[in-house]
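Proteins get letters first, then strands, A, B, ... in listed order; numbering begins at 1 in each.
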2 protein chains.
Amino acid sequence: MVPHLATALTGPLLDLEEKILAATPAIERWFRLEWQEHTPPFYCSVDMRNAGYKLAPVDTNLFPGGFHNLATEMLPLSVQAGMAAIDKYCPDARNLLVIPELHTRNPHYLQNVARLMQIFRQTGLHVRLGSLSPDITQPTPLALPDGNMLVIEPLVRSANGRRLGLKDFDPCTILLNNDLSAGIPDILQNIHEQSLLPPLHAGWALRRKSNHFAAYDEVAKKFGKLIGVDPWMLNPFYAKCGAVDLMSGEGEECLVASVDALLAKIRKKYKEYGIKDQKPFVIIKPDAGTYGAGIMTIKDASEIKDLSPAQRAKMTVVKDGKAVTDIIIQEGVPTFESIKDAVAEPVVYMIDRYVVGGFYRVHAEKGIDQNLNAPGSQYVPLAFAQQHAIPDLKAKPGTAAPNRFYVYGVVARLALLAASLEMERTDPNPEVY
Amino acid sequence: MVPHLATALTGPLLDLEEKILAATPAIERWFRLEWQEHTPPFYCSVDMRNAGYKLAPVDTNLFPGGFHNLATEMLPLSVQAGMAAIDKYCPDARNLLVIPELHTRNPHYLQNVARLMQIFRQTGLHVRLGSLSPDITQPTPLALPDGNMLVIEPLVRSANGRRLGLKDFDPCTILLNNDLSAGIPDILQNIHEQSLLPPLHAGWALRRKSNHFAAYDEVAKKFGKLIGVDPWMLNPFYAKCGAVDLMSGEGEECLVASVDALLAKIRKKYKEYGIKDQKPFVIIKPDAGTYGAGIMTIKDASEIKDLSPAQRAKMTVVKDGKAVTDIIIQEGVPTFESIKDAVAEPVVYMIDRYVVGGFYRVHAEKGIDQNLNAPGSQYVPLAFAQQHAIPDLKAKPGTAAPNRFYVYGVVARLALLAASLEMERTDPNPEVY
């Protein structure tokens with residue numbers, strides 16, 4: 001189930017939305033059966049784009065920040081889902097160790113950490129923070145913008161080396177909120193007695209977007225069949241180029257050819273569905289990495305040859321200095337939602353298999369075909385829609401507001417399911433899990 | 001977890017409430033472990049009384065009506081909990097058969113049924129209604145107050161007699177919303193292939209309040225030890241008299257003696273805790289049965305001898321004509337909550353092990369020591385408290401509104417756990433489940 005949230009969009013439901021709403025019982029049962037076979041990621045956020053003619057996830061984050069951007073009224077949903085998740089891994093857990101990102105001086109990120117701690121305390125856990133930073137050698141206070149304090153402590157391996165914890169704090173479950181872009185630190189290696197969630201191969205040190213979208217292809221195909229729509233309505237085309245170095249020009253032909261081929265495929269679909277007011281474009285981004293770094297909108301393959309040295313340099317450096325090697329080229333999905341004239345994209349949050357809330361990422365200075373995860377973006381929490389809490393198909397026409405956000409929750413869960421398949425298939429030690 | 005709802009009470013937290021809030025992680029873990037051992041009832045509502053010095057469940061309903069009285073913003077919690085519940089009994093279920101009470105012409109009750117159908121459709125089930133009434137021989141429309149329609153259909157046993165359903169509708173799970181006060185109909189007997197929820201012995205044909213409160217005694221004792229409070233703070237004293245017939249006077253001595261003994265025990269507790277502004281009283285009610293029928297407030301054992309024939313007759317008839325035989329005498333817990341000068345008692349709803357909402361039952365014409373489940377009662381849904389969605393003990397004093405409703409959710413779940421023990425112990429066919 002998906003909370004009934006107010007959406008920015010208030011026009012009539014589109015064909016895809018109507019099909020999804022009408023198929024609700026079949027869709028929920030399908031998810032229920034899929035979750036019998038596959039374990040959902042512990043938590044996840046999905047960036048989405050609604051183009052009107054298509055609705056697609058564009059980024060699936062397995063170390064979601066931004067929990068503080070969810071409406072506070074929705075927190076009970078997070079706690080309830082957190083209970084279900086903890087129950088699965090460690091029902092008798094007393095302690096939860098959270099390992100955050102290194103930039104714990106960022107007040108926004110700190111609020112996210114505080115919110116996560118609040119949620120998991122309420123599920124019945126003592127929650128403490130451990131740092132991957134060598135600079136944290138003793139319990140260190142971190143001031144929150146509201147005047148409260150968090151304390152972050154140095155990580156400690158147990159005397160026998162088998163467990164990870166803090167001084168006088170032995171957790172059953174370790175929750176990573178650090179996406180490991182900088183690589184997998186030694187202190188996280190060889191933890192077999194405790195649940196490390198998400199697993200190490202979910203981190204950007206090992207994870208590749210192309211694996212995710214390969215799994216998503218399958219999920220979208222199955223789901224398209226279930227509700228009788230072209231999977232393209234839910235799925236952006238993509239391609240991948242290995243070993244690209246734009247500084248030296250290595251691999252650039254692959255990129256040019258792939259962009260050309262992808263634009264041709266999109267044009268064909270636009271023609272098929274009579275989409276005339278939108279010019280095809282693609283997004284190129286590193287196959288590993290996050291934070292919206294090195295992401296570029298391309299409308300013609302010739303733009304690649306014309307990239308300035310500065311732009312090339314930008315594409316070559318991702319978070320924490322990891323160099324770009326593989327590049328993913330993804331069909332661009334324009335957003336046709338806006339809040340007060342600023343383009344907006346919905347971001348949906350999940351814990352275990354449950355949608356627990358969402359918000360709009362809004363950027364006043366970006367276009368409908370640009371990445372909004374960039375400096376200057378703002379967050380508008382989605383609160384419960386006042387009129388009707390859940391869609392009611394039996395209601396007489398005109399008496400119930402149909403729930404557009406339900407549809408977003410369905411598509412976000414398709415990405416969640418794809419992440420689950422992706423994690424299974426890329427698991428370096430399948431027997432451990 | 002318990003949704004953070006606004007409560008009618010806004011004074012400072014009482015000692016018991018503070019202890020419960022402070023022990024949140026330990027309490028939630030304790031519940032988590034208890035639910036490893038015991039299966040919660042499918043759904044449940046608990047009537048509670050908050051006397052300030054004590055907070056206690058007074059009635060645990062295993063066939064809750066009134067789901068339409070929950071705030072609509074809270075429905076996603078019900079759906080999420082419903083998903084967890086269905087997953088447990090019948091993960092591949094397509095169909096859910098709901099069997100409502102016979103009084104389906106009552107517009108309030110019908111709204112409850114409609115709300116239940118809405119919740120379970122959203123969990124991914126096709127939901128249809130089957131009637132225990134012999135008058136329903138074909139699909140029959142039932143008009144809802146909002147102009148929508150429900151359809152109720154005759155129940156059908158399968159050709160081989162092993163399954164229960166409707167014409168062309170074979171459910172995996174059958175949800176009873178009929179408390180079986182009138183006895184167990186033949187058509188519900190010997191269903192072994194499908195999940196019949198709650199089980200037949202949860203119905204008033206077999207269930208006894210005294211079994212519930214015996215289990216609750218144990219739960220309250222364990223919980224009192226966990227958080228370091230006298231279990232009496234959470235638990236009303238009770239006693240039981242078998243085979244009472246007030247019309248003939250049979251068993252009246254037991255009643256008088258028990259009322260005397262219980263009032264003496266309460267007086268002793270009042271003295272221990274310095275409670276001076278409240279006069280002890282007891283509630284006598286049938287050991288089987290619901291709907292607030294045959295419930296009486298007694299302040300002195302002599303009142304029993306003085307009962308008029310009309311009052312005696314009232315005590316002898318319960319719902320659907322079932323005669324009173326066993327009587328339970330329960331410590332009266334006054335309510336010190338009120339909404340606009342009318343006395344109010346919180347009612348908390350749960351699905352599976354999750355608190356999904358609540359409301360206040362309010363009665364303008366009743367006293368603080370009377371049963372409010374009587375004609376003239378009104379329902380005030382509890383919506384999410386606006387200021388803070390979950391209690392935050394780390395917040396600086398004065399920055400977070402403490403969550404009184406969390407405490408209600410904890411005590412309601414103690415009753416839920418007691419119901420679970422009660423169902424285990426009274427199961428006539430333990431091997432079937």
Side-chain angles (χ1 to χ4, degrees), chain A residues 1-4 24-33 35-36 71-84 86-87 91-94 114 117-119 121-127 146-150 353-355 384-396 399 406, chain B residues 1-4 24-33 35-36 71-84 86-87 91-94 114 117-119 121-127 146-150 353-355 384-396 399 406:
Chain A
M1 164 62 176
V2 169
H4 183 96
T24 300
I27 290 169
E28 296 300 331
R29 175 173 183 264
W30 180 77
F31 275 121
R32 206 189 308 131
L33 293 177
W35 297 131
Q36 298 285 313
T72 51
E73 302 98 284
M74 322 226 20
L75 285 182
L77 280 171
S78 287
V79 175
Q80 193 171 304
M83 283 172 138
I86 289 293
D87 222 38
D92 64 346
R94 268 179 218 279
M117 292 178 78
Q118 196 185 15
I119 290 169
R121 177 182 190 276
Q122 210 59 30
T123 72
L125 295 162
H126 294 281
V127 187
D146 65 4
N148 288 304
M149 280 290 182
L150 298 179
R353 60 198 172 102
Y354 303 104
V355 173
F384 289 103
Q386 290 308 305
Q387 203 187 347
H388 292 269
I390 55 179
D392 181 359
L393 278 190
K394 288 204 181 140
K396 280 198 296 191
T399 63
Y406 172 75
Chain B
M1 162 63 174
V2 169
H4 183 96
T24 300
I27 291 169
E28 296 300 330
R29 176 174 182 264
W30 181 77
F31 275 121
R32 207 190 307 130
L33 294 176
W35 298 130
Q36 298 286 313
T72 51
E73 301 98 284
M74 321 225 22
L75 285 181
L77 281 170
S78 287
V79 175
Q80 194 171 301
M83 283 172 138
I86 289 293
D87 224 39
D92 65 347
R94 269 178 218 278
M117 292 177 78
Q118 196 185 14
I119 290 169
R121 178 183 189 275
Q122 211 58 28
T123 72
L125 295 163
H126 294 281
V127 188
D146 65 2
N148 288 304
M149 281 288 181
L150 298 179
R353 60 197 172 103
Y354 303 105
V355 173
F384 289 103
Q386 290 307 306
Q387 204 188 348
H388 291 269
I390 56 179
D392 181 0
L393 278 189
K394 288 203 179 140
K396 280 198 297 192
T399 63
Y406 173 74

Problem - Criterion side-chain contact (heavy atoms from CB on, under 4.5 Å) against Met83(A), the qualifying member of Thr123(A), Leu125(A), Ile119(A) - result: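 For Met83(A), the side-chain contact (heavy atoms from CB on, under 4.5 Å) test succeeds with only one of Thr123(A), Leu125(A), Ile119(A), which is Thr123(A).
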Problem - Ala81(B), part contacting chain A, at a heavy-atom distance under 4.5 Å - result: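 Answer is both: backbone and side chain atoms of Ala81(B) are under 4.5 Å from chain A.
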Problem - Portion of Ile27(B) that has a non-hydrogen atom of chain A nearer than 4.5 angstrom - result: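 Answer is neither: Ile27(B) stays 4.5 Å or more from chain A.
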Problem - Beyond-backbone contact of Ile86(B) with Glu28(A), side-chain heavy atoms, under 4.5 angstrom - result: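 A side-chain contact is absent here, since even the closest heavy-atom pair is not under 4.5 Å.
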Practice task
Kindly indicate whether the side chain of Thr24(A), heavy atoms from C-beta on, has any atom under 4.5 Å from the side chain of Tyr406(A).
Solution key: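 Yes. Closest side-chain heavy atoms under 4.5 Å.
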Exercise for the section: Under 4.5 Å, counting heavy-atom pairs only, tell me which of Gly82(B), Ala26(B), Pro91(B), Ala84(B) racks up the most with chain A. Expected result: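 Greatest number of close heavy-atom pairs with chain A: Pro91(B).
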Exercise for the section: Go through the steps to decide whether Leu75(B) and Gln122(B) satisfy the test side-chain contact (heavy atoms from CB on, under 4.5 Å), and finish with yes or no. Expected result: CA-CA 10 Å; Leu75(B) 285 181; Gln122(B) 211 58 28; over 6 Å; no
